[in-house]
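Quick notes on the structure that follows.
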Amino acid sequence: MRKIGLLKKVVSITGIMTLFLVSGCGAKQEEPESVLPVDGTDEAAQEEQDGQGNIGKEMESGDVTIHFAEHVANIEAQEPHMMKIIQAFEETYPNIHIDITGKEVSEHNTQMTLLAGEDNLPDIFWLEQTPAKEFAQHGYLYDLTEVLNEYGINDSLLPGLVNSCTVEGKDYGMPSEVMMVGFFYNKGLFEQAGIKHVPVTYEEFTDAVDKLKGKGIVPLTVGAQDNYSIWAFETMLARYGFFEKLEDLNTGNVKWTNDDFIHYFEKVEEMRDNGTFTEDIANIGYFEAKERFLGGNAAMFNTGAWDIGDFENSTMAQDIGFFWGPTFSDSEYPQQIGIKASGGVYVVSAKAAGNPALLDAIMKFWQFYYGEEGTKIIAEDTSALPCSKYDGTIDTQAHPVLAAMITALNDDWEAITEPFNSMSTTVAYGYFDATFGVMTGVYTPQEASQYVEDLHMAER
């Protein structure tokens, strides 16, 4: 097994990986905020907009406005790369305007479902993988298969991120972010507790927890009020054979009450009983948990690459490390695995694609976003992992967390997708609820397994 080692002064991220798989997810916060409002030059040509979901149109002046719905509430703070790319794009294409609005992820998901039923979806918007496939099957999304090649977007993407969201061999989505998740840790608190090596096995992880508690340090901050914040635990489920069992789970030949999944939930229960989690886990959410980690009040935090920016802007940037989470000796399935995949996807509404001028403007934007200029902004200006090819370098002193993530991306642990995207929305969130139920003592491992099995059985 390869443990995370010391980084070189500068890490090259040329063609970061070819082993990404398809996945999804991201968690965000705060109140909805609309930025970059419509800026057409002929107001008489504009229809009244309600601020969400109206289809962009070609204006009489020749201007085109694209309506874009994001899954973050404060776009400028949470996705600064998007704002910088939009600004640069509008300078390059002065007749194309991006009207971008955002809501917190759960509110966004609910709104997109409602707007789909009203045939009033935005022109472009973010979706998690599973809902995106469901939207495509219902005819709400535009088939991107041909235009992704026509506009050279597939040529720009990292090879493993091509075909990020397919239904019956057709492409319906473009990768929104690199989905890479695990445990971030405070090097200083580990050192204070006498932890000399980053834990790899479950036994080492448990020993680290004991040492942290012995020093009065909260081992792992978790917020159960946001049930989506369970990414590193999905990797643990995969180490108990989720993907190997998936086909039989879907047919019913294997139940969620199988011994391996029971063992997974038992490990979560043991973590709870051992005092691994925040004591008030049931009363806080993801963002409160993150604040505690960044405030030095917990040694570990379960999250993903989307938090690189917040981590690097914190006072403890040089003190943050990353590891993939514990492996398990009681499982016969591959253990050296990590979620290194595509995040959620950006999609184009079928209705917007019916306007040739609007569709051309939309694809020009994505061509710019995934092209050289947009990729450079993502990697160099906002310290995020780009989904497209990049030939620059990252200074590990200026961007220590990004460099640590790149090192992990290129380690010898096998890349897997996020289990969430291989389940229906109902079953996936049921699994989330079940895991948090064990963390908070609401469910026993057997009850948690049966809860998910009942949800899955209803869909077979």
Side-chain angles (χ1 to χ4, degrees), residues 23-30 71-74 78-79 103-110 126 128-131 176-186 218-238 264-265 267-268 271-272 276-295 297-311 314 320 322-326 338-339 341 343-344 401 405 417-421 423 425 427-443 448 452:
S23 182
C25 193
K28 316 292 179 179
Q29 69 175 341
E30 297 181 351
H71 68 309
V72 297
N74 188 331
Q78 296 170 256
E79 291 195 340
K103 293 182 181 294
E104 180 273 329
V105 63
S106 60
E107 187 177 359
H108 169 87
N109 290 340
T110 299
W126 179 94
E128 293 168 330
Q129 293 279 346
T130 299
S176 66
E177 61 189 349
V178 176
M179 179 68 172
M180 181 179 169
V181 302
F183 289 102
F184 291 81
Y185 69 98
N186 184 319
V218 174
L220 176 63
T221 178
V222 183
Q225 287 195 346
D226 294 316
N227 73 339
Y228 54 74
S229 58
I230 201 170
W231 306 281
F233 291 86
E234 290 188 73
T235 308
M236 292 160 56
L237 179 68
Y264 159 77
F265 284 116
K267 290 299 189 297
V268 176
M271 289 181 183
R272 181 198 74 208
T276 303
F277 309 125
T278 315
E279 286 188 2
D280 58 346
I281 178 175
N283 299 319
I284 67 171
Y286 162 76
F287 297 102
E288 292 90 346
K290 180 166 69 172
E291 288 175 3
R292 293 184 184 184
F293 175 71
L294 290 177
N297 297 314
M300 292 180 283
F301 180 53
N302 143 64
T303 188
W306 55 86
D307 269 329
I308 291 175
D310 282 351
F311 290 169
S314 73
I320 296 177
F322 175 86
F323 68 103
W324 292 113
I339 295 176
V401 183
M405 297 294 281
T417 185
E418 186 188 12
F420 173 87
N421 293 307
M423 300 182 252
T425 302
V427 175
Y429 279 98
Y431 156 68
F432 292 174
D433 290 336
T435 298
F436 272 121
V438 176
M439 286 183 181
T440 57
V442 174
Y443 293 136
V452 188

Which heavy atom of [X] sits nearest a heavy atom of [Y], and at what distance?
X: Gly344; Y: Ser176; value: O-OG, 2.6 Å
X: Ala298; Y: Asn186; value: O-CB, 4.3 Å
X: Thr235; Y: Gly338; value: CG2-CA, 4.3 Å
X: Ala434; Y: Val452; value: CB-CG2, 3.6 Å
X: Ala224; Y: Ala282; value: CB-CA, 4.1 Å

Assess the pair Phe301 and Tyr286: is the distance between their ring centroids shorter than 6.0 Å?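 Distance test on ring centres: under 6.0 Å, yes.
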Phe183 and Phe323 aromatic centres sub-6.0 Å: yes
Is a salt bridge present between Asp226 and Lys290, judged by a nitrogen-to-oxygen distance below 4.0 Å?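 Here Asp226 does not pair with Lys290 in a salt bridge, since their nearest N and O are not under 4.0 Å apart.
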How far does [atom1] of [X] sit from [atom2] of [Y], to the nearest 0.5 angstrom?
X: Met236; Y: Trp231; atom1: CE; atom2: CH2; value: 15.0 Å
X: Ile308; Y: Met405; atom1: CD1; atom2: CE; value: 4.5 Å
X: Lys267; Y: Thr276; atom1: NZ; atom2: OG1; value: 12.5 Å
X: Thr278; Y: Ile284; atom1: OG1; atom2: CD1; value: 4.5 Å
X: Ser314; Y: Glu291; atom1: OG; atom2: CD; value: 12.5 Å
X: Gln225; Y: Asn283; atom1: CD; atom2: CG; value: 6.5 Å

Do [X] and [Y] have side-chain heavy atoms sitting under 4.5 Å apart?
X: Glu128; Y: Glu418; result: no
X: Phe420; Y: Ile230; result: no
X: Asn302; Y: Val181; result: no
X: Met180; Y: Trp324; result: yes
X: Val218; Y: Arg292; result: no
X: Val268; Y: Tyr264; result: yes
X: His71; Y: Glu79; result: yes

Counterpart residues, side chain to side chain contact (heavy atoms under 4.5 Å, CB included), relative to Asn227 (two or more places apart):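 By the side chain to side chain contact (heavy atoms under 4.5 Å, CB included) rule, Asn227 matches Tyr429, Phe432, Asp433, Phe436.
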Is a side-chain donor or acceptor of [X] paired with a backbone partner of [Y] at a separation under 3.5 angstrom?
X: Thr221; Y: Phe277; answer: no
X: Glu104; Y: Ser106; answer: yes
X: Thr130; Y: Thr425; answer: no

Test ring pair (Phe, Tyr, Trp, His ring centres under 6.0 Å) on Phe184 and Phe311; report intermediate values, then the result. CA-CA 10 Å; Phe184 291 81; Phe311 290 169; 4.9 Å; yes
Between Tyr185 and Ile320, does the side-chain contact (heavy atoms from CB on, under 4.5 Å) criterion hold? Intermediate values first, please. CA-CA 6 Å; Tyr185 69 98; Ile320 296 177; over 6 Å; no
Taking atom types as modelled, is there a side-chain donor on Tyr228 or Asn109 under 3.5 Å from an acceptor on the other? no
